[in-house]
Amino acid sequence: MKKLVTTVILTAAMGTAGIAAFLHVRQGGAPQTPIGIVDLGPKDKPAGEQQLIDVVFALDTTGSMGGLLDGAKRTIFSIATHIKETNGNASLRIGLVAYRDIHDDYVTRVYPMTEDIDSIFADMTQLTAGGGGDLPEHVNKALSDVLAMPWRDKAAKMVFLVGDAPPAPRGDAPDADTLAAQAAARQITINTVRCGGNGQTEVAWQQIAALAGGEYSSIAQDGGVREIATPYDAEMAALSRRIDESTIIYGDEGDRTRYGRKMAAAAAAPAPTAAARADYYVKAKPGKSRDDKDLIGGLAEGKMSMSDLEVEKLPEDLRAMNEADRAAQIKAKAEERNRLQGQLKELTTKRREYLAKEAAASGGAGAGSGFDAEVSRTVDKTLAKKRK
């Protein structure tokens, strides 16, 4: 019987709520009036230098990898939550390289590292499994593209190579062993996750991990991921969607189109995945914007100021308002978001308690066998080594 794991990694709740920043609204030359914005995150932030964490997934997206690919889409938020919660002040970036082989629709597709997990999720939702046919795949080109990414100098650098077929020598990239050695020289750890039971893949994956200072693990062909629905998922998804809708994108039409693409992917997610996303924002990014162009969040975090706004960068409905009405509209959206975030925080706590009880009732069956569990455990081991 295949072992299964939940998509949500249960960790301790973070901190208590506090008061964050103030929005300063200037109306017709009158003194600025502060608008209180509640920060639902912990008061006590971890001291010291911010830890930089760069993670790239190199995923085989050939036809046999449909189950894993679907599981990866559904667990990206729980993985990101785990990393952020266990490394309180981490600056986490996640990137992706999807790979197949020559004669397929594509050999590789590269998605740059970003702190915007919604963006990576939207990219992943566009990926489907297809192509392949013969056993080897173009692992070498995938790793070459991974190493070509702009890694941060002081970051903990981790790669997760996930697939079910060994590298194919195609002549247009160095071999996997050479690339693994190059990664090690640059302090980029390559962890390998074999899907299924192919022996050639096991040997190749173990060799790559050994040369690049990483961990080798093996999981079921379908990724071993199981989502547990809870009584709170649908309501959390609805509240989270309303928070998304409260966003005011301050920028150009390209920024608004980009945001709309992310929100379309989030809205189409199954309720348990949408709840995991809501959990990520409540627990891993408390009180923070869901987009770096969000005016409401930017004002609350002190990154934007009402007095410095360029009217032409506002959405059309706000551009048409006078200054006083515009300020009132922004204040109303900010207050509505505070209320929704408070409700969402309460539901997140209840959902985690429910999942903890479910895990206890099942005796932890399947723990440690799935994609998300293997990634989270490997991240913990890698970061522990970095701290020594």
Side-chain angles (χ1 to χ4, degrees), residues 54-66 68-69 72 93-113 124 127 129-153 155-219 221 223 371 374-375 378-379 381-382 385-386:
D54 286 350
V55 179
V56 175
F57 294 95
L59 298 181
D60 179 348
T61 57
T62 53
S64 59
M65 295 292 290
L68 181 281
L69 184 57
R93 298 194 311 172
I94 294 180
L96 172 67
V97 175
Y99 71 91
R100 291 182 180 176
D101 202 354
I102 57 174
H103 307 309
D104 288 330
D105 289 346
Y106 59 86
V107 176
T108 60
R109 286 182 178 170
V110 178
Y111 303 89
M113 284 182 275
M124 293 180 76
L127 293 174
D134 57 351
L135 179 60
E137 309 297 353
H138 211 337
V139 176
N140 299 341
K141 183 63 169 66
L143 290 178
S144 179
D145 286 349
V146 165
L147 295 187
M149 285 185 163
W151 298 83
R152 292 179 289 186
D153 288 342
K157 309 173 187 71
M158 286 171 271
V159 178
F160 288 89
L161 174 62
V162 187
D164 63 355
R170 301 302 186 200
D172 58 348
D175 63 70
D177 288 357
T178 298
L179 291 164
Q182 291 176 2
R186 295 171 54 189
Q187 297 184 316
I188 300 174
T189 301
I190 300 179
N191 307 287
T192 55
V193 182
R194 180 190 65 161
C195 300
N198 182 269
Q200 294 179 46
T201 308
E202 178 180 29
V203 172
W205 260 220
Q206 288 178 337
Q207 176 76 351
I208 292 169
L211 289 170
E215 301 283 332
Y216 163 80
S217 58
S218 184
I219 60 177
Q221 181 68 44
F371 172 74
E374 291 295 346
V375 169
T378 301
V379 166
K381 292 180 70 173
T382 301
K385 292 177 184 177
K386 297 286 185 183

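On a predicted model such as this, the values are computed, not experimentally measured, just so you know.
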Side-chain contact, heavy-atom cut-off 4.5 Å: N140 with Y99? no
Minimum heavy-atom distance P112-V110, with the two atoms named: CD-O, 3.9 Å
Any heavy-atom pair between the side chains of I188 and V159 that's under 4.5 Å? yes
Taking the side chain as C-beta and beyond, is there a heavy-atom pair between H138 and D172 under 4.5 Å? yes
Nearest heavy-atom approach of G163 to D60 is CA-CB, 3.7 Å
Reported CZ-to-CE distance for the pair F57 and M158, which is rounded to 0.5 angstrom: 9.5 Å
Just wondering, do I102 and V107 contact through their side chains at under 4.5 Å, heavy atoms? yes
Tell me, yes or no, whether the heavy-atom count around Q187 atom CD, taken from other residues, nucleotides or ligands under 6.0 Å, exceeds 12. no
Nearest 0.5 Å please: distance from the CG atom of N191 over to the CD1 atom of I208. 11.5 Å
Looking at R186 and W151, would you say the former's side chain and the latter's main chain have a donor-acceptor pair under 3.5 Å? no
Considering non-hydrogen atoms only, spot the tightest contact between V162 and C195 and give its length. CG1-SG, 3.8 Å
Indicate yes or no: at least one non-hydrogen side-chain atom of M65 is less than 4.5 angstrom from one of L59. no
In this structure, CG of L69 is separated from CE of M124 (nearest 0.5 Å) by 6.5 Å
Does some side-chain heavy atom of R93 sit less than 4.5 Å from a side-chain heavy atom of R152? yes
Residues A212 and A184: closest non-hydrogen pair is CA-CB, 4.0 Å
Q221 side chain vs S64 backbone, donor-acceptor pair below 3.5 Å: yes
Please give me the minimum heavy-atom distance between V193 and W205, naming the atom from each residue. O-NE1, 3.1 Å
Below 4.5 Å, heavy atoms only, C-beta onward: do V97 and M149 meet side chain to side chain? yes
Any chance you could lay out the side chain to side chain contact (heavy atoms under 4.5 Å, CB included) test for Q206 and T192, step after step, and finish with the verdict? CA-CA 7 Å; Q206 288 178 337; T192 55; over 6 Å; no
Any side-chain donor near an acceptor of the partner, D145 and T108, under 3.5 Å: yes
Test your reading of the model: is there a side-chain donor-acceptor pair from K141 to the backbone of E137, 3.5 Å cut-off? no
Distance, nearest 0.5 Å, that separates OG1 of T201 from CG of L161: 10.0 Å
Rounding to 0.5 Å, atoms CG (D104) and CG (D101) come to a distance of 6.0 Å
State, to 0.1 Å, how close P136 and R170 come at their nearest heavy-atom pair, and which atoms those are. O-NH2, 4.3 Å
To the closest 0.5 Å, what do you measure between OG1 (T62) and CZ (R100)? 7.5 Å
Heavy atoms, side chains only, cut-off 4.5 Å: are D164 and N198 in contact? no
